[in-house]
Amino acid sequence: MSADHPPRLRFAPSPTGFLHVGGARTALLNWLYARHTGGTFLLRIEDTDRARSTEESTRAIFDGLRWLGLDWDEQVVFQGANGERHKRDAFRLLERGLAYRDFTTAEELARQREAAGDGFRIDRARVDLPQEESDRRAAAGEPFAIRFRVPDGDTAWHDAVHDWIRFPNKDIEDFIILRSDGTPVYNLAVVSDDIEMRVTFVMRGDDHISNTPKQILLYQGLGAQLPRFAHVPMIHGIDGKKLSKRHGATAVGDYAQLGILPAAMVNFLSLLGWSPGDDTEVMSLYELIRRFSLDGLQRKAAIFDPKKLEWMNGQHLSLDPLDHVEPHITRAIVDAGLATAESLHARREWYEQLLTQLRVRARTTLELAQQARVYFEPTVTYDEEAIAKFWKDVPTTRSMLQATRDRLATLDTWTADAMEQGLRALAESLGVSGGKIFQPLRVALVGVTASPGIFDVLLLLGRDTSLARLDAAVRWLDDASGAAAS
RNA sequence: GGCGCUAUCGUCUAGAGGCCUAGGACACAGCCCUCUCAAGGCUGGAACACGGGUUCGAAUCCCGUUAGCGCUACCA
């Protein structure tokens, strides 16, 4: 707790699924604080629930964190490997008289709980046996769980986001710390590991607030120094309920698949429950580290709004340094089957032009890849709406496209200036506005009504392809008028 | 039921007693720019949960109510 030492923080997920956005946000906040203060960020996998934990999930957590760019210090700790220490700590508490054996079987306990209904509390007077009897039954080999004997008084702590939180100990039941099979219960395992890992700052979801007094009691019983606590708000779905599958994508991996950039995800997540204090919204990881402060932490649960995430992604997609976003876009383009990474690299200059044109127009890399399709595939498919809108009058369109083609073909140089000059002159000679030429041309080149500026498209496509597409459009229009005539 | 946490536009938030006629962003609508689409610019509608205090003065402090969420396991 002393301010003169950099803090040690940890993220401690249980590997029972993929890295959830809620977990990712908790990890991010811990990471940001560690990096901001020059502290240490540790990772602990809480795999004590053998039945639900999988290696695949552990890998998914590593992958998710790495994708977000959240690196951890020191060796990853696997909680399941620390069973012996957890057990030792439980017995230490027992020997010090701070805990006691409970010989009630789990089945009996369940029966009592059911019979008593809602407000069931164990009766310490009946369960906490006289020392001799407890020792005798234990010596006889009778199985027992170990319960922590909650002392009188209050347990309070200064929370970094909530200020003081106080619990009367009478509201805390003597809780089990070691099961009768010798395995630790969550609160004991967490405290035992956090002490061992020398964690000085525990930042976690506020669903853990009611665990905290129990854990503080355990720290005290074990004679360890308390860490600082910060309980951050949860993330909810659009209906205000806990984020779940019903809300669509909830794993960070899902968002990678949907074309979201890690920089955008991190930026968006950081602003859910935290604010830099002013109106700044679009920030790089570096800026987030620099500006992060506990003061900006919110107390209220935040609702995950995918719309704003998309907007944020669009911002990063178009504003971040190109070499930051390029690998992610390239993956989307390769995944879409448009090109190989090698072929893109071979045409590096052209590819950068393409990205420069497209990235300001797309909100996701998926969307960008979709828009890029027409620059990779040999033929153009004409969108029905585009035809209806700009190729309505077939003979007129045909002659205009033919004239456009001829004019472009006579250009000395294939530059935007030359094209513009030539095409504007053509428009003037035909007595129409530039748009009357550009729009049908756009349909001929890309098949749809939306694209980068028409000269940029011509540049990207190149002279040969552009002229070939114009020829193909003229042929298509010939077929159309032929079909109409017969 | 008990205990705890929370409460500013639909959403994310600024606000730490007078700077608030409550600011920004997303979304929505309109306009401008313009060869289209984006981006950008401008404009508009939109909030201090309710009721009591304290104070010359409250979104900000206190109490209560209501609502939401969490915990109440030999789950994590």
Side-chain angles (χ1 to χ4, degrees), chain A residues 12-14 16 46-49 51-53 79 102 104-107 109-110 113 117-121 143-147 159 162 165-168 170-173 175-181 183-187 189-190 205-214 231 233-234 236 238 240-242 268 271-282 295-296 298-305 307-312 314-315 318-319 357-363 371 386 389-390 420 423-424 427 433-439 441-443 446 448-455 457:
Chain A
S14 47
T16 55
E46 307 214 320
D47 54 350
T48 45
D49 188 346
R52 288 195 296 158
S53 301
Q79 187 162 68
D102 181 353
T104 317
T105 63
E107 297 72 38
L109 196 58
R113 198 179 303 281
D118 237 1
F120 176 79
R121 292 282 295 261
F144 58 86
I146 296 180
R147 270 185 201 278
D159 196 276
H162 295 274
I165 300 181
R166 177 175 302 274
F167 283 81
K170 65 173 172 52
D171 292 328
I172 307 170
E173 189 177 48
F175 53 97
I176 287 180
I177 54 178
L178 197 75
R179 298 188 187 93
S180 47
D181 66 0
T183 61
V185 170
Y186 174 74
N187 283 311
V190 166
D206 64 15
D207 51 338
H208 284 289
I209 286 179
S210 23
N211 280 324
T212 305
K214 296 179 187 173
H231 287 92
M234 310 287 289
H236 288 166
I238 12 90
K241 297 253 162 44
K242 203 170 171 162
F268 175 73
L271 259 18
L272 244 37
W274 176 76
S275 156
D278 60 22
D279 295 336
T280 317
E281 296 215 89
V282 181
D295 298 336
Q298 190 79 12
R299 311 151 96 101
K300 183 182 65 162
I303 289 172
F304 187 94
D305 179 7
K307 276 278 204 322
K308 187 149 187 176
L309 204 212
E310 270 202 17
W311 168 80
M312 184 69 81
Q315 293 290 309
S318 44
L319 268 25
Q357 287 303 325
L358 295 187
R359 69 182 183 134
V360 296
R361 277 162 247 268
R363 291 206 149 188
Q371 288 170 16
K389 200 163 176 192
F390 296 116
E420 175 143 27
L423 260 26
R424 294 264 185 216
S433 66
K436 283 279 185 283
I437 290 188
F438 301 151
Q439 295 294 28
L441 173 58
R442 171 171 283 113
V443 178
V446 298
V448 290
T449 58
S451 82
I454 199 70
F455 308 117
V457 174

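Here the structure is a predicted model, which means the values were calculated and not measured. Chain naming here is simple, since letters A, B, ... match the order of the sequence lines and numbering starts at 1 in each.
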May I have the distance from [X] (atom [atom1]) to [N] (atom [atom2]), rounded to whole angstrom?
| X | N | atom1 | atom2 | result |
| --- | --- | --- | --- | --- |
| A:Asp49 | B:A73 | CG | P | 17 Å |
| A:Leu272 | B:A25 | CG | C1' | 13 Å |
| A:Asp102 | B:A73 | CG | P | 14 Å |
| A:Phe175 | B:C71 | CZ | P | 17 Å |
| A:Asp207 | B:C71 | CG | C1' | 9 Å |
| A:Ile303 | B:C26 | CD1 | P | 19 Å |
| A:Gln298 | B:A16 | CD | P | 14 Å |
| A:Arg299 | B:A7 | CZ | C1' | 11 Å |

Among A:Asp207, A:Asn211, A:Asp159, side-chain hydrogen bond (donor to acceptor under 3.5 Å, both in side chains) partner for A:His231: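 The passing option is A:Asp159.
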Nearest-nucleotide comparison on RNA chain B, the residue closer to the 5′ end among A:Asn211 and A:Leu309: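 Result: A:Leu309.
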Comparing A:Met234 and A:Glu281 on RNA chain B - which has the more 5′ nearest nucleotide: A:Glu281
Pick base, sugar-phosphate or nothing for [X], based on heavy-atom distances below 4.0 Å to the nucleic acid.
| X | value |
| --- | --- |
| A:Ile176 | base |
| A:Gly205 | nothing |
| A:Thr105 | base |
| A:Ala106 | base |
| A:Gly314 | nothing |
| A:Thr280 | nothing |
| A:His162 | sugar-phosphate |
| A:Gln315 | sugar-phosphate |

Check salt bridge (Lys or Arg N to Asp or Glu O under 4.0 Å) between [X] and all other residues, then give those that pass, not counting sequence neighbours.
| X | answer |
| --- | --- |
| A:Arg52 | A:Asp49 |
| A:Glu281 | A:Lys308 |
| A:Arg147 | A:Asp102 |

N/O (side chain, A:His208) to phosphate O (OP1/OP2, B:G70) under 4.0 Å: no
B:A38 OP1/OP2 closer than 4.0 Å to side-chain N/O of A:Arg359: no
A:Asp305 versus A:Phe268, closest heavy-atom pair with distance: O-CZ, 3.5 Å
Heavy-atom pair of closest approach, residues A:Arg361 and A:Gln357: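 So the two residues come closest at NE-O, 3.0 Å.
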Backbone of A:Gly277 reached by a side-chain donor or acceptor of A:Ser275 within 3.5 Å: yes
Backbone of A:Val457 reached by a side-chain donor or acceptor of A:Arg442 within 3.5 Å: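 Side chain of A:Arg442 to backbone of A:Val457: no pair is present.
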Can you tell me how far [atom1] in [N] sits from the matching atom in [M], rounded to whole Å?
| N | M | atom1 | result |
| --- | --- | --- | --- |
| B:C12 | B:C69 | P | 15 Å |
| B:C31 | B:G45 | C1' | 15 Å |
| B:U54 | B:A47 | P | 29 Å |
| B:U72 | B:G10 | C1' | 34 Å |
| B:A46 | B:G23 | P | 12 Å |
| B:U60 | B:C74 | C1' | 47 Å |
| B:U65 | B:A7 | C1' | 13 Å |
| B:A14 | B:G4 | P | 26 Å |

Determine which nucleotide pairs with [N], using a 3.5 Å limit on both distances of a Watson-Crick or G-U wobble pair.
| N | answer |
| --- | --- |
| B:C42 | B:G30 |
| B:G17 | none |
| B:G57 | none |
| B:C69 | B:G4 |
| B:G64 | B:C50 |
| B:A25 | B:U11 |

Can you tell me which nucleotide in [options] comes closest to the side chain of [X]?
| X | options | result |
| --- | --- | --- |
| A:Lys300 | B:C3, B:U11, B:U13 | B:U13 |
| A:Asp279 | B:G24, B:C12, B:A14 | B:G24 |
| A:Ile165 | B:G4, B:A76, B:C74 | B:G4 |

Distance in Å, A:Thr183 OG1 paired with A:Leu178 CG, rounded so as to fall on 0.5 Å steps: 6.5 Å
4.5 Å side-chain heavy-atom contact, A:Phe175 and A:Val185: no
4.5 Å side-chain heavy-atom contact, A:Pro276 and A:Leu271: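 With C-beta onward as the side chain, the pair touches.
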Under 4.0 Å protein heavy-atom contacts per nucleotide of nucleotides 27-37 of chain B, with B for base, S for backbone only and - for none: S-------BBB
Annotated protein contacts, base or backbone, on nucleotides 62-68 of chain B with a non-hydrogen cut-off under 4.0 Å, one of B, S, - each: -------
Ring centroid separation A:Phe438 to A:Phe455 under 6.0 Å: yes
Base B:C3 to side chain A:Ser210, donor-acceptor N/O within 3.5 Å cut-off: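 Side chain to base: no pair present.
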Sequence-distant partners of A:Thr280, side chain to side chain donor-acceptor pair (under 3.5 Å), two or more places apart: A:Asp278, A:Arg291
